[in-house]
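Take a look at the structure below.
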Amino acid sequence: MRHILVTTLHGIIESLTENSHPMQEKYHPQEIEKSAQQYWEKTAAFTSAETSEKPKYYCLSMFPYPSGKLHMGHVRNYTIGDVLSRYRRMQGYNVLQPMGWDAFGLPAENAAMQNNVSPAKWTYDNIAYMRMQLKSLGLGIDWDRELATCDPSYYHWNQWLFLRMLEKGLVYQTTGTVNWDPIDQTVLANEQVIDGCGWRTGAPVEKREIPMYYMKITQYADELLDALDTLPGWPERVRTMQANWIGKSHGVDIVFPADTASGTPQDLKVFTTRADTLMGATYVAVAAEHPIALHAARDNPALHRFIQECKLGATKEADLATQEKKGMDTGLFVIHPLSGERLPVWIANYVLMGYGEGAVMAVPAHDERDFDFARHYSLPVKAVIRPADGDLQLPLTEAYVEYGVTFDSGEYSGLAFQAAVDTIAAALQAKGLGNKRVQYRLRDWGISRQRYWGCPIPLIHCESCGVVPVPDDQLPVALPQDLVPDGSGNPLGRTPSFYECTCPKCGQPARRETDTMDTFVDSSWYYARYTCPDQDKAMTDERANYWLPVDQYIGGIEHAILHLLYSRFWSKVMRDLGLLKIDEPFTNLLTQGMVLNEIFYRKAGSGRITYYNPAEVDIQYDEHGKRSSVSLFADQQPVESGGIGTMSKSKNNGVDPQKLVETYGADTARLFMMFASPPTQTLEWSDAGVDGAYRFLKRLWKQVHTHVEQGIVIIDPALHHASAELGRLRFQLHQTIAKVTDDLDRRHTFNTAIAAIMELMNNLARLQETDSATRNLMQEAMENIVLLLSPIVPHICHALWRELRPGTELLDQPWPQADASALVQDEIKLVVQVNGKLRGEILVLKDADKAAIEQAALENEQVKKFVEGAAIKKIIVVPGKLVNIVV
RNA sequence: GCCGAGGUGGCGGAAUUGGUAGACGCACUGGAUUCAAAAUCCAGCGAUGGUAACAUCAUGGGGGUUCGAUUCCCCCCCUCGGCACCA
């Protein structure tokens, strides 16, 4: 029966192959890739619909900012996504893999200034080029769903949701601190502040308070924190980072009453997580902008100067945290709420108005920062916490910050941390001077940007009606397309055709808001819009319920906090508005490691920095292989090395993959990138190894060619057990199928999957025989190797499959399954150690008992040399692994 | 400064749950093929000693737990990512 079937199949295959061309002997990636891509496009292979019976799988890679060209980080990111998408597709899932453009942002304005073109033109030109680049990589993307956030049909719904949030009280206005360039009279992004100075003017930057709109992400702080436990598909480290960022802490609000005799105008409120140390407070410190500070400075020129000095510099937390701690005594006092002692009020530059109450109680003995400050200004240090099991060495040489037991604290002495906090909080509450409170580190999200190339905030300012929302039927508030910024503020503010409008309430002339939204708003919900990009009546529709949540999200680790937290927040807001039915947008998250490259720059006299691409830099080495000079090819003048950092537009250290794709083909680029390292690992760029990837594909092609030339084979299971050698190879083949499946599915280690296939191919290449059993195995192995590699190098596999199984298409094939019967082994190898050192190997039956294994180990000649004459203390047998003889 | 990762041959990396350190690949060296080169194929390739068999050392540094540590614990050094207006 089987014989007849096989004969018939042979007949079919002969008739199919009769008219087809013989297989090309050499691997020509350009031809193959063009033809494969045309086939995918012609058959709409990656167009996705909601109608399938199959389970859905939504695989999303973070969309790129259209900076001009792809860089290697993009290739890495999108290849990972494509490997997983194609793998799931073969597993029988209905896969959605979309792509779009995070198209608003600062670089477009900078490019516009430099080249005198509008940000719109620059952006859309970049999108066109980068789309072409992405297509040349052969990604299985459903391009029908492409979107760009700078398109009014997209940002319409940013504005619409903003208004809903305003109605719900989730948006409010208050002041926020920005970097102000006093020369250009403009707000600077943190990135535009270099060493505390404006990047274009070199002028020292000042902090300035301006009105801004905020989204109440803190209202969701508890859910955002608690729901992290419902995300087992997220890396532990990302969940930890988010939890720390939200920073929920339990503490006590404490009021230090004003010492009116000293002139203190008001009581001082602070928050502390260490109320147990309250009896050790020796002073209080307030921010430079604190009302008490301003009051004290009114008739004190020195204090006034100090406050002005504190206003200089950038708003970056890293800068503030590392700057030299400076302070000044106000001469004012407050009253310690429990001891009644008078405590001096200091202004300190390390206390920030925007955080908590803008004031802290200082306990130098038990806080490092307070300790350093107290030392510097000779303020008293009073220790009140000692280790639970001993005494504190006094005087202190550094702050003792551990939780311990209170002492020297009057009636609050002898208490452990929690008891001390509880008792002190109760005492404060009894006096009306304190309450326990939960505090978050997380701050509300300021979304106002004084910039042109972003989504307009849909508000109108009317002299008589105040702030009036733009009515829904007037959305979207469209951004003019043709403005060119000049570096001095927002051009929207100089464009009457944009800002002149009438008040929707009273009909009087009014002024449109000219601030635009943070681009993180755009990227907070794009994943939902991909499910229904053509929907012009609503933000999302029922298709979102089919596809969401995203099953696999892939993107750089640099987004671990901000983007991923904002999009979690927005999805919860959308859920609460009835737009989505999900609690969390991304079920599984793969955080890709950064692709790093060296940074080269020159700093002009003005302080302005110009970055040069590594490709433009000539590096000379001396005879010891050490760097002797680094200069620009263009002018042979030296450039500075800025270390290594992530590939980015701003540092101009990206590597364009185009040359790689043109020279070797997309498959080589993809294979090389996946083989270089596991995807989560940081990768320092080097093209060493590209040749190896190309060589491997050439070998693969040749091996299939050699096999096919001798005639293709219909696999006959009866031939599987022809010889022990073939059995071993078949064991390896099916072991490889199992390993590659696990590596792609659970481990996401594509490098080891590729290595396993290489090992298998190396062994197969040693087969010289051409008997039917060998050719049978070769057919089975080649078919499976092509299937296993196809998610990673889809073009070559598409072509090879047509040779191995004429008349069928790779894309219709299921993912291979390891044959359990091929994986059965009678004997296993064990390693024998003596005192933990490898001394020999033994072969034992699969189910040998401990005694038999011990005996075999002791009889091993190599082992005997090390055991003889010594008393055996014990023998450890680790089943399936090793034997360790301890002497 | 704070939060989170990482550090293994000349290089990228492997070792999946505490169990053979260096899989796979690059580079390099030698050989085959070639008029020659490229390409390809074969072999070698952590360090030290040794002709070799082999032995010792070795996973950023120092200490510890264990029969056994790249893996777990403590301290230190370095690199990278994030720090709320780069995206």
Side-chain angles (χ1 to χ4, degrees), chain A residues 62 64-65 67 102 104-107 176 178-179 187-193 235-238 240-241 243-245 247 315-323 350 368-369 441-451 518-520 523 556-563 565-566 591 593-594 596 625 643-646 648-651 672 675-678 680-684 686 688-693 695-696 698-699 702 739 742-743 746-747 749 751-752 754-759 762 829-839 841 873-876 878 881-887:
Chain A
M62 288 180 187
Y65 178 79
S67 55
D102 187 13
F104 274 138
L106 194 55
V178 294
N179 306 304
V187 176
L188 297 177
N190 280 340
E191 191 187 52
Q192 298 171 315
V193 178
E236 186 68 44
R237 60 165 154 156
V238 175
T240 305
M241 279 191 257
N244 290 341
W245 183 263
T315 57
K316 279 185 254 191
E317 196 197 273
D319 290 351
L320 298 168
T322 49
Q323 72 187 351
Y350 67 82
E368 277 173 35
R369 209 170 43 179
R441 206 189 77 94
L442 181 68
R443 309 200 299 268
D444 277 337
W445 176 13
I447 58 139
S448 297
R449 299 290 179 271
Q450 298 67 47
R451 271 190 264 290
D518 181 5
T519 57
F520 273 123
S523 55
I557 183 69
E558 77 274 24
H559 295 296
I561 295 173
L562 292 180
H563 161 61
L565 197 61
Y566 291 143
T591 45
M594 302 281 75
L596 309 179
I644 54 171
T646 167
S648 72
K649 178 86 184 168
S650 60
K651 295 280 165 36
F672 163 66
F675 187 56
S677 78
T680 54
Q681 199 160 303
T682 302
L683 181 65
E684 220 175 301
S686 152
V690 173
D691 284 327
R695 214 172 286 159
F696 172 75
K698 279 196 289 189
R699 262 203 314 273
K702 194 178 144 200
K739 171 160 178 62
D742 187 43
D743 282 353
R746 177 183 63 88
R747 299 216 308 152
T749 51
N751 56 331
T752 53
I754 295 163
I757 295 170
M758 285 175 169
E759 276 185 82
N762 289 345
K829 194 184 83 178
L830 291 184
V831 159
V832 185
Q833 299 179 335
V834 179
N835 289 340
K837 282 189 179 171
L838 173 67
R839 296 304 181 190
E841 281 175 5
K873 284 186 191 147
K874 63 172 158 179
I875 300 179
I876 292 145
V878 183
K881 287 255 164 72
L882 59 70
V883 183
N884 188 14
I885 302 164
V886 185
V887 296

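Just the heavy atoms: all of them, side chains too, but no hydrogens, waters or symmetry mates, feed the values below. Numbered from 1 within each chain, the chains take letters A, B, ... in sequence-line order.
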At less than 4.0 Å, is any side-chain N or O atom of A/K649 found next to OP1 or OP2 of B/rA87? Yes or no. no
To the nearest Å, how far apart are A/M594 CE and B/rC86 P? 16 Å
Think A/N751 has a side-chain N or O under 4.0 angstrom from the OP1 or OP2 of B/rA14? yes
Respond yes when some side-chain nitrogen or oxygen of A/T519 is under 4.0 Å from OP1 or OP2 of B/rA87, and no when none is. yes
Compare side-chain N and O positions of A/K651 against OP1 and OP2 of B/rA87 and report whether any pair is under 4.0 Å apart. no
Within the pair A/R747 and B/rU17, is there a side-chain N or O less than 4.0 Å away from OP1 or OP2? no
What's the CG-P distance between A/N884 and B/rG19, to the nearest Å? 13 Å
Quick one: is A/R237 getting a side-chain N or O under 4.0 Å of the B/rG82 phosphate, OP1 or OP2? no
Less than 3.5 Å between a donor and an acceptor, one on the side chain of A/Q681 and one on the base of B/rG6, is that the case here? no
If the P atom of B/rA37 is compared with that of B/rC28, how far apart are they to the nearest Å? 16 Å
Side-chain N or O of A/R839 versus OP1/OP2 of B/rA55: is the shortest distance under 4.0 Å? yes
Going by an N to O cut-off under 4.0 Å, is there a salt bridge joining A/R695 and A/D691? no
Does A/N190 put a side-chain nitrogen or oxygen below 4.0 Å from OP1 or OP2 of B/rA84? yes
A/R443 side chain near B/rC85 phosphate (N/O to OP1/OP2, under 4.0 Å): no
Under the 3.5 angstrom rule, does the side chain of A/K698 hit a backbone N or O of A/A693 as a donor-acceptor pair? no
Taking atom C1' in both B/rA21 and B/rU59, what distance in whole Å separates the two? 8 Å
Distance between the C1' atoms of B/rG44 and B/rG7, in whole angstroms? 29 Å
Rounded distance in Å between the P positions of B/rG9 and B/rC76: 24 Å
A/E759: salt bridge (Lys or Arg N to Asp or Glu O under 4.0 Å) partners, not counting sequence neighbours: none
Work out how far the P atom of B/rA58 is from that of B/rA69, and round it to whole angstrom. 11 Å
May I ask you to verify whether the side chain of A/K881 and the base of B/rU17 hold a donor-acceptor pair under 3.5 Å? no
When you compare B/rC54 with B/rC72, how far apart are their C1' atoms, in angstrom units rounded to a whole number? 33 Å
N/O donor-acceptor pair, side chain A/Q192 with base B/rC86, under 3.5 angstrom: no
Would you indicate which nucleotide in B/rA14, B/rC24, B/rC85 comes nearest to any side-chain atom of A/P678? B/rA14
A/R695 side-chain N/O to B/rG25 phosphate OP1/OP2 under 4.0 Å: no
Is there a donor-acceptor contact under 3.5 Å from the side chain of A/S686 to the main chain of A/A688? yes
Length of the CG-P vector between A/L882 and B/rA15, whole Å: 18 Å
Basic-acidic side-chain contact under 4.0 Å: A/R441, A/E317: yes
Using the P atom on both, measure B/rU17 against B/rG61 and round to a whole Å. 24 Å
In whole angstrom, give me the gap between the P atoms of B/rU8 and B/rU79. 14 Å
Would you say A/N179's side chain and A/T315's backbone share a donor-acceptor pair under 3.5 angstrom? yes
Can you find a side chain N or O atom of A/N244 that sits less than 4.0 Å from OP1 or OP2 on B/rG4? yes
